[in-house]
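Note that the numbering runs from 1 along the sequence shown for the chain. Side-chain atoms are counted along with the backbone in the values below, which use heavy atoms only and exclude waters and symmetry mates.
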Amino acid sequence: MAINLTAYKQVLAELVPYNARLVAVSKTKPAEDIEALYQEGQRIFGENYVQELADKAAVLPADIEWHFIGHLQSNKVKYIAPFVHTIHAVDSFRLLVEINKQALKHNRTINCLLQLHIAAEETKFGMDTTELYELLDAWKQQQQTFGGVRIAGLMAMATNTDDQQQIRKEFQQVKAIFDTVKHKYFSEQDNFRERSTGMSADYHIALEEGSTMIRIGSLLFGERNYNK
């Protein structure tokens, strides 16, 4: 079997004390692997590539909760707007506007997480705090027109390092920013509650620092195959 059921059950057990959820990252993996994990009860799957997500959604069970977790270009939103549940990496107001526009065309509301850049690597996407607050101020001024999106929380990736203290500090930073944003913009709204932090290498630290959603791929599906 291509999926690691032992690891899957262990991760699920580890999530229970934190009341957190698992996004099974299935990018580059065949539909058969997703189906196998689906049969074990997993319903939330994360994909990084628009075309791959659209292809898989067309052939897999309709009750899968699809999360788009990669960098998303505005001109690609229309391909996933009819069915995507949550978009994890909203990193500009322009992208938020486009998601809203496409969602409204389908009479849908799409959950959106705002991506923070907290890592030491410049190659990672995401906003700094100034850009984050500029986006939120712009959204708030036009909030009544944003019926197609629901800002549900924050997403971030820690630095790829063995320094656990650095990783912990970065996740603590996300928690502090989340608390500020919650108080300033969403104090009356229960919908703003997600912190999508933690992947295969660092999810234990992420959970300890308040993650509500971890994104795990290689632990469950094995190493990714990019030679497609």
Count I, L, V, M, F, W, Y as connected when their side-chain heavy atoms are under 4.5 Å apart, and connections chain through other members. Are [X] and [Y] then in the same cluster?
| X | Y | value |
| --- | --- | --- |
| Val16 | Tyr203 | no |
| Leu15 | Ile216 | yes |
| Val11 | Leu207 | yes |

Identify whether the distance between the nearest side-chain nitrogen and carboxylate oxygen of Glu208 and Arg168 falls below 4.0 Å.
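The answer is yes: the pair qualifies as a salt bridge.
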
Between the side chains of Glu98 and Lys78, is the shortest nitrogen-to-carboxylate-oxygen separation below 4.0 Å, so that they form an ion pair?
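Looking at Lys78 and Glu98, the cut-off is not met.
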
Spell out, as yes or no, whether a donor-acceptor pair under 3.5 Å connects the side chain of Ser211 to the backbone of Met213.
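Flag set: sc Ser211 to bb Met213 pair under 3.5 Å.
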
Indicate yes or no for a side-chain donor-acceptor contact from Lys182 to the backbone of Phe192 under 3.5 Å, with no hydrogens or angles considered.
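Yes: the side chain of Lys182 pairs with the backbone of Phe192.
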
For Gln166, the option from Glu170, Gln164, Lys169 that meets side-chain hydrogen bond (donor to acceptor under 3.5 Å, both in side chains)
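For Gln166, the side-chain hydrogen bond (donor to acceptor under 3.5 Å, both in side chains) check succeeds only for Glu170.
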
Who are the salt bridge (Lys or Arg N to Asp or Glu O under 4.0 Å) partners of Glu131, not counting sequence neighbours?
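If we apply the salt bridge (Lys or Arg N to Asp or Glu O under 4.0 Å) test to Glu131, skipping adjacent residues, there are no hits.
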
Out of curiosity, Lys105 NZ to Asn100 CG, how far, rounded to the nearest 0.5 Å?
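Output value for this atom pair is 11.5 Å.
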
Working to the nearest 0.5 angstrom, can you tell me the gap between Ile99 CD1 and Asn111 CG?
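Answer rounded to 0.5 Å: 11.0 Å.
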
Are the side chains of Met155 and Leu116 in contact, using a 4.5 Å heavy-atom criterion?
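In short, these two side chains do not touch, never coming nearer than 4.5 Å.
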
4.5 Å side-chain heavy-atom contact, Asn4 and Leu220:
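Of all side-chain heavy-atom pairs linking Leu220 with Asn4, none is under 4.5 Å.
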
Member of Ile69, Leu22, Ile44 meeting the side-chain contact (heavy atoms from CB on, under 4.5 Å) criterion with Arg215
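Among the candidates, only Ile69 passes.
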
Under 3.5 Å, which donor-acceptor pairs do the side chains of residues 31-39 form with other protein atoms, sequence neighbours left out?
from	atom 1	to	atom 2	distance (Å)
Glu35	OE2	Gln39	NE2	2.6
Tyr38	OH	Asp63	OD1	2.6
Tyr38	OH	Asp63	OD2	3.1

Do [X] and [Y] get their side chains close enough for a donor-acceptor pair, meaning under 3.5 Å?
| X | Y | result |
| --- | --- | --- |
| Glu40 | Tyr8 | no |
| His67 | Glu65 | yes |
| Asp137 | Gln141 | no |

Under 6.0 Å between ring centres: does that hold for Trp139 and Phe186?
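Here the rings of Phe186 and Trp139 have centres that are less than 6.0 Å from each other.
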
Crowding at CD, Glu188 (>12 non-hydrogen neighbours, <6.0 Å):
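Count not over threshold, so no.
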
Cation over ring, Lys27 on Phe221, under 6.0 Å and within 45°?
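That pair does not qualify as a cation-pi contact.
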
Closest contact, heavy atoms only, Tyr79 versus Val50
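What the structure gives for the nearest pair is CB-CG1, 3.7 Å.
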
Classify the angle between the aromatic ring planes of Tyr185 and Tyr133 as parallel (below 30°), tilted (30 to 60°) or perpendicular (above 60°).
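Judged by the thresholds at 30° and 60°, the geometry between Tyr185 and Tyr133 is parallel.
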
